[in-house]
Amino acid sequence: MKTVRLSVPAGEVNLPLCVRTGQVFRWYEIQGLWAGMANDALLIVNPEGNRWSLSAVGGEPIPLFTHLFRMEVDLKSVQVQLIRRDSRWEQWVRALPGLRLMRWTSATECLFSFLCTPANNLPRITGMIERLCERYGTPIAEWGGRQWHAFPTVERLAQAEEADLRALGFGYRARTLIEVARALQAREPNWLESLAELPYWDAKQALMTLPGVGAKVADCVLLFGLNHNLAVPVDTHMWQAMQKWVLPELRGKSLTERTYRQIVDWFHERFGEWTGWAHQYLFTAHLLESQRKGE
DNA sequence: CGTCGACCTGGATG
DNA sequence: GCATCCAGGTCGA
């Protein structure tokens, strides 16, 4: 395993903040390093100083890192844009230095991972996905005292037994995972990836034809897995944050198809192409606040 | 259209 | 201990 170095200017990436706030699920701190699986590649990062060391198994470390953390995007200029468009974002930009919008290397992995998230919590989601990979994924590497597995293929998931997945703790999500795997097999080979080329609303509508994929999961897959920066996943955190901090007129209302769309439209009007990033700062701010005080 | 309950599970709360 | 609630929702009635 070759180790390479990459210049990372101070403040450009806060790795723990990026990988432990529910944008991705397969990262761990091990012996002072950070190791994460991206589909079938293992990336190991030592985020020290301004020349980080990177190694990878199953991929090239620098392209992998650059892709996952969208290093082509200059974070400072994003932050300037967000604050210019809505000064309330300054407090969240300040509170979350180095927070970046992540980009998965596999839309399929992203879809199946976010299918595990409804009515769930981060620790349990992480465990579920880890067990899924151990059970159905190909071993990729042994490192840091553990075995690392690729994310299971659609073919493998389509053959899984519901009882098997339930035994792994998936609950009612077991059936959805299998149904979605079979639905994907029934479509064109690159159907999911092709949604990246469609306009946002069309891609979202198409995704929501899959079982278990509602507006929120669809937006997660669009934003993190299909490069649709107009997507706004409105979950309980976003809903509460919007009511408390951004759109007081939402107070007393409930999250419906209408209010969901109202929020998405508001982001588009206010932030345009920076919508996804704006969402990420607001979401993470609320997530961390709720973790701090248990709310 | 908006509301309601069911759906798995495990940790937190009382 | 035991009931209840809730966590990055979705679906059908």
Side-chain angles (χ1 to χ4, degrees), chain A residues 17-27 92 96 99 101-102 104 109-132 135 160-180 183 204-225 231-246 249-264 267 275-295:
Chain A
L17 186 59
C18 294
V19 304
R20 290 202 305 197
T21 48
Q23 301 193 64
V24 293
F25 306 102
R26 302 187 66 198
W27 281 80
W92 303 311
L96 303 166
L99 175 65
L101 185 61
M102 301 284 291
W104 293 51
E109 179 186 22
C110 185
L111 169 61
F112 284 102
S113 298
F114 280 99
L115 278 172
C116 300
T117 63
N120 210 343
N121 55 64
L122 242 11
R124 189 175 163 220
I125 294 165
T126 305
M128 281 163 59
I129 293 174
E130 187 173 330
R131 292 192 294 279
L132 186 74
R135 173 74 178 78
E161 296 286 342
E162 179 177 342
D164 226 13
L165 284 171
R166 282 185 178 259
L168 293 181
F170 279 77
Y172 63 83
R173 303 168 194 82
R175 186 154 38 91
T176 334
L177 253 64
I178 296 169
E179 282 176 357
V180 168
K204 181 166 178 176
Q205 190 180 13
L207 261 184
M208 289 175 64
T209 62
L210 293 172
V213 179
K216 190 272 175 180
V217 168
D219 273 327
C220 287
V221 178
L222 291 169
L223 181 61
F224 302 123
V232 185
V234 182
D235 64 339
T236 127
H237 288 293
M238 280 296 289
W239 176 241
Q240 291 174 36
M242 290 300 287
Q243 293 178 101
K244 268 192 288 185
W245 301 333
V246 184
E249 61 264 39
L250 292 175
R251 290 174 192 164
K253 296 190 180 178
S254 57
L255 182 55
T256 64
E257 197 177 329
R258 179 192 296 288
T259 45
Y260 195 119
R261 173 178 282 265
Q262 194 181 334
I263 290 174
V264 175
F267 268 89
T275 288
W277 287 87
H279 145 271
Q280 201 58 43
Y281 274 88
L282 184 58
F283 166 79
T284 309
H286 195 277
L287 174 71
L288 295 186
E289 197 208 52
S290 73
Q291 287 176 350
R292 268 197 299 277
K293 55 185 198 186
E295 219 178 4

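Computation of the quantities below employed the complete heavy-atom set of this structure, encompassing side-chain atoms and omitting hydrogens, waters and symmetry-equivalent molecules.
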Is any side-chain heavy atom of Asn121(A) less than 4.5 Å from a side-chain heavy atom of Pro123(A)? yes
Whole angstrom value for the distance that separates P of dA7(C) from CG of Leu288(A): 16 Å
Thr256(A), nearest nucleotide to its side chain (from dC8(B), dA7(C), dG2(B)): dG2(B)
Any side-chain heavy-atom pair from Val213(A) and Thr176(A) closer than 4.5 angstrom? no
Can you find a pair of side-chain heavy atoms, one from Lys253(A) and one from Gln243(A), that are under 4.5 Å apart? no
Heavy atoms, side chains only, cut-off 4.5 Å: are Arg173(A) and Asn120(A) in contact? yes
Arg173(A) near the nucleic acid: base, sugar-phosphate alone, or nothing, with a heavy-atom cut-off under 4.0 Å? base
Which stems does DNA chain B form, counting runs of 3 or more consecutive Watson-Crick or G-U wobble pairs with both distances under 3.5 Å? B:3-7 with C:9-13, B:9-14 with C:2-7
Using the C1' atom as the reference point in each nucleotide, state the distance between dA7(C) and dG2(B) in Å, no decimals. 23 Å
Between Phe170(A) and Leu177(A), which heavy-atom pair has the shortest distance, and what is it? CE2-CD2, 3.8 Å
Compare the minimum distances between each of dC8(B), dG10(B), dG9(C) and the side chain of Asn121(A), then state the nucleotide with the smallest one. dG10(B)
Within a strict 4.5 Å, meaning less than it, do heavy atoms of the Thr284(A) and Trp92(A) side chains meet? no
Distance in angstrom units between Met128(A) CE and dG9(C) P, rounded: 13 Å
With P as the reference atom in both, quote the distance from dC2(C) to dC8(B) in angstrom, rounded to an integer. 24 Å
Paired with His286(A), the side-chain contact (heavy atoms from CB on, under 4.5 Å) test is passed by just one of Met242(A), Gln240(A), Gln291(A), namely Gln240(A)
So what does Ile125(A) hit on the nucleic acid, given a heavy-atom distance under 4.0 Å: a base, only sugar-phosphate, or nothing? nothing
Report yes if at least one side-chain N or O of Arg124(A) is closer than 4.0 Å to OP1 or OP2 of dG11(B); otherwise report no. no
Mind checking whether Leu250(A) and Gln262(A) have side chains closer than 4.5 Å, heavy atoms only? yes
Euclidean distance, atom NE2 of residue His237(A) to atom C1' of dC6(C) [Å, nearest integer]: 11 Å
What is the distance, to the nearest angstrom, from the OH atom on Tyr172(A) to the C1' atom on dA6(B)? 10 Å
Which whole number of Å gives the distance between the P atom of dG9(C) and that of dC1(B)? 24 Å
Heavy-atom closest contact (Val234(A) atom, Tyr260(A) atom, distance): N-OH, 3.1 Å
Euclidean distance for P, dG1(C) against dT9(B) (whole angstrom): 22 Å
Polar atoms only, N or O, under 3.5 Å: list the protein pairs with nucleotides 11-13 of chain C and their distances.
unit_1	atom_1	unit_2	atom_2	d
dC11(C)	OP1	Gly212(A)	N	2.9

If only side-chain N and O atoms of Ser254(A) are considered, is one of them under 4.0 Å from the OP1 or OP2 phosphate oxygen of dT3(B)? yes
What's the CG-C1' distance between Asn120(A) and dG10(B), to the nearest Å? 9 Å
Describe, in one word, how the ring planes of Phe114(A) and Trp104(A) are oriented to each other, choosing from parallel (under 30°), tilted (30 to 60°) and perpendicular (over 60°). tilted
Take atom CZ of Phe170(A) and atom P of dG10(B), then tell me their distance rounded to the nearest Å. 12 Å
Rounding to an integer number of Å, can you tell me how far Leu122(A) CG sits from dG10(B) P? 17 Å
Looking at Arg258(A), does any N or O in its side chain come under 4.0 Å of the phosphate oxygens OP1/OP2 on dG2(B)? yes
Have a look at Thr284(A) and say if it touches a base, only the backbone sugar-phosphate, or nothing, with a 4.0 Å heavy-atom cut-off. nothing
Students often get this wrong, so: under 4.0 angstrom with heavy atoms, is Glu162(A) touching a base, only sugar-phosphate, or nothing? nothing
Nearest-angstrom distance from the residue atom CG of Leu255(A) to P of dC6(C): 16 Å
Glu162(A)/Arg166(A) ion pair, N-O < 4.0 Å: yes
